[in-house]
Number of protein chains: 2
Amino acid sequence: MKPTTQDVANKAGVSTATVSRTFAHPDKVLQETREKVMTAAQELGFTISRSASALKSQQSFRIAVLISEPVATWFNSHICGALNDVLQPEGYDICTYYIPDVTNRRQLFEEIPLRHNVDAVVVSSFGVDVMEIEDLRRLDIPLIGINVPVTQGFSATIGIDEYASMRLVVKHLHDLGHHRVCFVCSELKHAPLPYSADLRSDAFLRACHDVGESIEPLLIHVPREVDEPENYAISQLLTCSPRPTAVCCLSDGMAIPLLFKLMRSGIKVPQDMSLVGFDDSTYAKQFNLTTVHQEVDFLGAEAGRLVLDLIRGQQPEVQNRVLDTYLALRASTAPLS
Amino acid sequence: MKPTTQDVANKAGVSTATVSRTFAHPDKVLQETREKVMTAAQELGFTISRSASALKSQQSFRIAVLISEPVATWFNSHICGALNDVLQPEGYDICTYYIPDVTNRRQLFEEIPLRHNVDAVVVSSFGVDVMEIEDLRRLDIPLIGINVPVTQGFSATIGIDEYASMRLVVKHLHDLGHHRVCFVCSELKHAPLPYSADLRSDAFLRACHDVGESIEPLLIHVPREVDEPENYAISQLLTCSPRPTAVCCLSDGMAIPLLFKLMRSGIKVPQDMSLVGFDDSTYAKQFNLTTVHQEVDFLGAEAGRLVLDLIRGQQPEVQNRVLDTYLALRASTAPLS
DNA sequence: CTGAAAGCGCTTACAG
DNA sequence: CTGAAAGCGCTTACAG
């Protein structure tokens with residue numbers, strides 16, 4: 001009942017080879033023949049079987065995306081959406097593998113049946129250690145990193161520059177006359193991975209140092225197990241003496257609730273305290289939050305194009321590409337009064 | 001170089017049939033044999049080829065998820081994540097197809113190579129018209145609806161009851177003594193589909209009607225093309241005379257920015273105006289927003305289980321399942337003062 | 001440009 | 001419980 005290349009071939013009066021070519025390499029088929037085949041295919045409601053194509057052509061048409069936080073997260077959902085937008089039209093499925101735990105992660109890497117079942121692996125926004133990279137490289141397929149802290153071992157990477165980004169923030173606050181600047185570093189509950197948070201707080205400290213003596217950096221580190229990180233942070237902030245006049249957050253996900261809680265506690269933003277986020281994610285604009293904008297959809301789309309290039313055996317123009325971020329200047333920061 | 005069932009069979013001293021069975025139906029293989037096979041497989045780094053399994057067993061191990069808004073949306077990202085969590089361990093990939101336009105949507109339905117390339121189709125949160133349902137039914141695979149306004153034609157559906165949910169909201173505001181209650185209905189820019197928004201505002205009106213004469217419903221309809229819906233809504237609200245004392249929003253995505261803007265414009269929530277959202281999505285809790293809570297992860301997971309049941313030929317216990325929602329009572333609503 | 005033919009790596013009904 | 005064997009539906013190198 002289900003039509004095959006054979007059925008189409010019969011109907012169009014050609015061989016199955018020609019039917020196959022019509023779909024896979026239309027340019028290798030005479031236009032006239034192509035039209036006969038397409039007509040026959042349409043009438044039969046024929047579509048190429050992915051499994052058969054895959055088996056024969058030794059591709060799986062699947063791309064694994066490794067994530068360490070749930071998909072239902074601002075960053076990951078945008079990355080996965082953008083990857084899908086680029087890869088689906090080219091015939092590739094994206095398959096997300098959520099690997100929350102760092103502890104037995106290497107074991108998980110082995111359990112995921114990646115071997116010969118995916119055409120490329122994308123690592124989204126977490127650090128992969130040397131051993132793990134080796135495991136992945138043994139698959140002998142392209143390995144693409146998005147916002148990975150260490151680029152070594154990857155076929156190609158793309159991401160933002162944490163340090164340059166934090167420097168934008170620190171510079172801005174410095175220009176506004178702030179001296180006591182605090183960084184709120186809240187580790188995501190679901191991302192118990194060593195790098196990203198540390199990386200950004202390090203970047204903050206380095207940026208403060210580089211901007212000059214006049215900045216007195218402060219760090220608030222919200223433990224992972226805390227239920228209401230913004231309340232924890234605010235308590236810490238209010239007990240600082242002297243109180244910082246500007247606060248940077250690891251992400252908008254921290255900054256936005258903090259903004260709300262500060263308003264509630266009578267601390268005016270930006271009059272009493274300047275506040276800066278990171279990501280320019282949901283609501284940042286509506287809440288007038290000054291934040292670091294990262295072009296996450298473009299990041300995902302370009303990563304998708306890297307995947308395609310590498311699968312097709314083309315070396316990408318830039319192996320480790322760095323995307324610019326910019327400071328979205330809004331009303332949550334103001335000169336020190 | 002790539003190990004096949006044949007290689008494993010040779011190494012383990014069994015037939016390929018036994019290797020295959022060890023992976024597909026371990027219970028049909030003697031434990032001793034199973035162990036031999038697994039050892040050989042491990043040593044060779046063997047994994048079953050999905051394409052070959054798929055081709056031979058006439059399954060595709062792919063589930064299409066049709067969405068009308070981007071994945072990078074609160075609802076869709078949670079649904080896709082939950083579906084993946086349930087279906088991936090069972091060997092199924094979920095493939096999201098984003099169908100934004102209602103205009104040539106039917107054509108798109110035909111272009112998506114679903115035929116024989118997916119084992120089930122999930123429609124997430126949009127209305128599918130009669131013709132489209134027919135197209136999908138012709139695929140002759142399970143058709144599952146999540147929060148679909150019309151359940152007819154689906155193999156099974158699961159979702160919340162819009163009317164019951166809005167009734168919770170209206171009842172609550174009524175109990176608090178509010179009479180002039182406004183519903184802000186902002187159509188999502190990316191979801192130019194007829195149903196969901198209309199459905200909920202209808203539900204609101206019906207709920208108002210049913211709760212009694214004393215409620216005077218008001219509707220603000222934010223046009224799709226408006227750039228800053230919350231500003232549009234607030235302008236409309238402030239020009240109402242007499243001004244409504246309570247506002248319900250189509251979703252938290254509207255309510256949360258509105259809450260912020262109201263605070264900014266000196267209108268105190270809840271003292272001057274009560275505010276209710278819908279979804280209980282990101283930040284709703286942190287912002288003390290009274291809202292309708294829908295258990296979106298559970299919804300997605302249960303939909304995944306429906307998919308599995310139907311693929312396996314089992315009729316689900318309930319064909320059209322309705323999940324309860326509840327009113328998350330928080331500080332954005334208060335008695336009329 | 002097109003066709004005949006081999007074969008990708010599994011699965012499963014059948015026989016033992 | 002296990003094996004021999006057929007075949008799922010394509011693709012592609014080769015020949016014409």
Side-chain angles (χ1 to χ4, degrees), chain A residues 1-38 40-41 44-62 91 113-119 311-313, chain B residues 1-38 40-41 44-62 91 113-119 311-313:
Chain A
M1 52 166 290
K2 147 185 184 179
T4 68
T5 42
Q6 188 64 65
D7 299 321
V8 178
N10 291 150
K11 182 151 199 156
V14 297
S15 71
T16 57
T18 300
V19 175
S20 174
R21 278 192 207 100
T22 304
F23 285 89
H25 315 285
D27 48 299
K28 291 190 178 172
V29 175
L30 211 60
Q31 193 191 331
E32 200 190 316
T33 318
R34 204 163 56 210
E35 281 164 10
K36 273 196 300 188
V37 172
M38 289 313 278
L44 293 168
F46 170 81
T47 32
I48 284 278
S49 154
R50 288 175 72 92
S51 329
S53 305
L55 176 56
K56 184 64 208 183
S57 67
Q58 302 284 53
Q59 292 185 263
S60 66
F61 301 114
R62 302 171 73 238
L114 296 177
R115 197 166 197 84
H116 310 126
N117 282 320
V118 296
D119 297 336
I311 283 180
R312 290 163 181 170
Chain B
M1 55 165 293
K2 149 185 184 179
T4 67
T5 41
Q6 188 62 67
D7 299 322
V8 179
N10 291 150
K11 183 149 198 158
V14 297
S15 71
T16 57
T18 301
V19 175
S20 174
R21 279 193 207 100
T22 304
F23 285 88
H25 315 283
D27 48 300
K28 292 189 177 173
V29 175
L30 210 63
Q31 192 190 331
E32 200 189 319
T33 318
R34 205 162 55 209
E35 280 165 10
K36 272 195 301 188
V37 172
M38 289 312 280
L44 292 168
F46 169 82
T47 33
I48 284 279
S49 154
R50 288 175 72 91
S51 330
S53 305
L55 176 57
K56 182 65 209 185
S57 66
Q58 302 283 54
Q59 291 184 262
S60 67
F61 301 114
R62 302 171 74 239
L114 296 178
R115 198 165 196 83
H116 309 127
N117 282 320
V118 296
D119 297 336
I311 285 180
R312 290 164 181 169

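Source: prediction; values computed, not measured. Chain letters run A, B, ... following the sequence lines, proteins first and then strands; every chain starts at 1. Atoms considered below: every heavy atom in the structure, side chains included; atoms not considered: hydrogens, waters and symmetry mates.
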Next item on the list: Give the dot-bracket string for DNA chain D, reading 5' to 3', where a pair is Watson-Crick or G-U wobble with both distances under 3.5 Å, ( ) marks pairs inside the strand, [ ] marks pairs crossing earlier ones, | marks a partner on another strand, and . marks unpaired.
Entry: |||.||||||||.|||
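Comparing dC10(C), dG9(C), dT12(C) against the side chain of F46(B) picks out dC10(C) as the nearest. Comparing atom distances between the A24(B) side chain and each of dT11(C), dC14(D), dA5(C) picks out dT11(C) as nearest.
Side-chain atoms of K56(A) and base atoms of dG7(C) include a donor and an acceptor less than 3.5 Å apart. In the interface, the side chain of R50(B) is not paired with the base of dG9(C) through any donor and acceptor atom under 3.5 Å apart.
The side chain of T18(A) contributes an N or O atom lying less than 4.0 Å from OP1 or OP2 of dG3(C). OP1 or OP2 of dC8(C) has not a single side-chain nitrogen or oxygen of Q59(A) nearer than 4.0 Å. Between Q58(B) and dG9(D), a side-chain N or O to OP1/OP2 separation shorter than 4.0 Å is present. For dG3(D), one of the phosphate oxygens OP1 or OP2 lies less than 4.0 angstrom from a side-chain nitrogen or oxygen of S15(B). Residue T4(A) has no polar side-chain atom (N or O) positioned under 4.0 Å from OP1 or OP2 of dG9(D).
Rounded to whole angstrom, the span from the CG atom of L55(A) across to the P atom of dG7(C) amounts to 14 Å. Nucleotide dC10(D) holds its P atom 9 Å from the CG atom of D7(A), rounded to whole Å.
No donor-acceptor pair under 3.5 Å is formed between the side chain of D119(B) and the backbone N or O of Q59(B). The backbone N or O of T18(A) sits less than 3.5 Å from a side-chain atom of T22(A), completing a donor-acceptor pair.
For S49(A), the side chain to side chain contact (heavy atoms under 4.5 Å, CB included) criterion is met by S51(A), A52(A), not counting sequence neighbours.
Both H25(B) and R34(A) lie near DNA chain C, and the one whose nearest nucleotide falls closer to the 5' end is R34(A).
Distance check on atom C1': dG16(C) versus dT12(C) gives 16 Å, rounded to whole Å.
A distance of 11.0 Å separates CZ of R34(A) from CD of E32(A), quoted to the nearest 0.5 Å.
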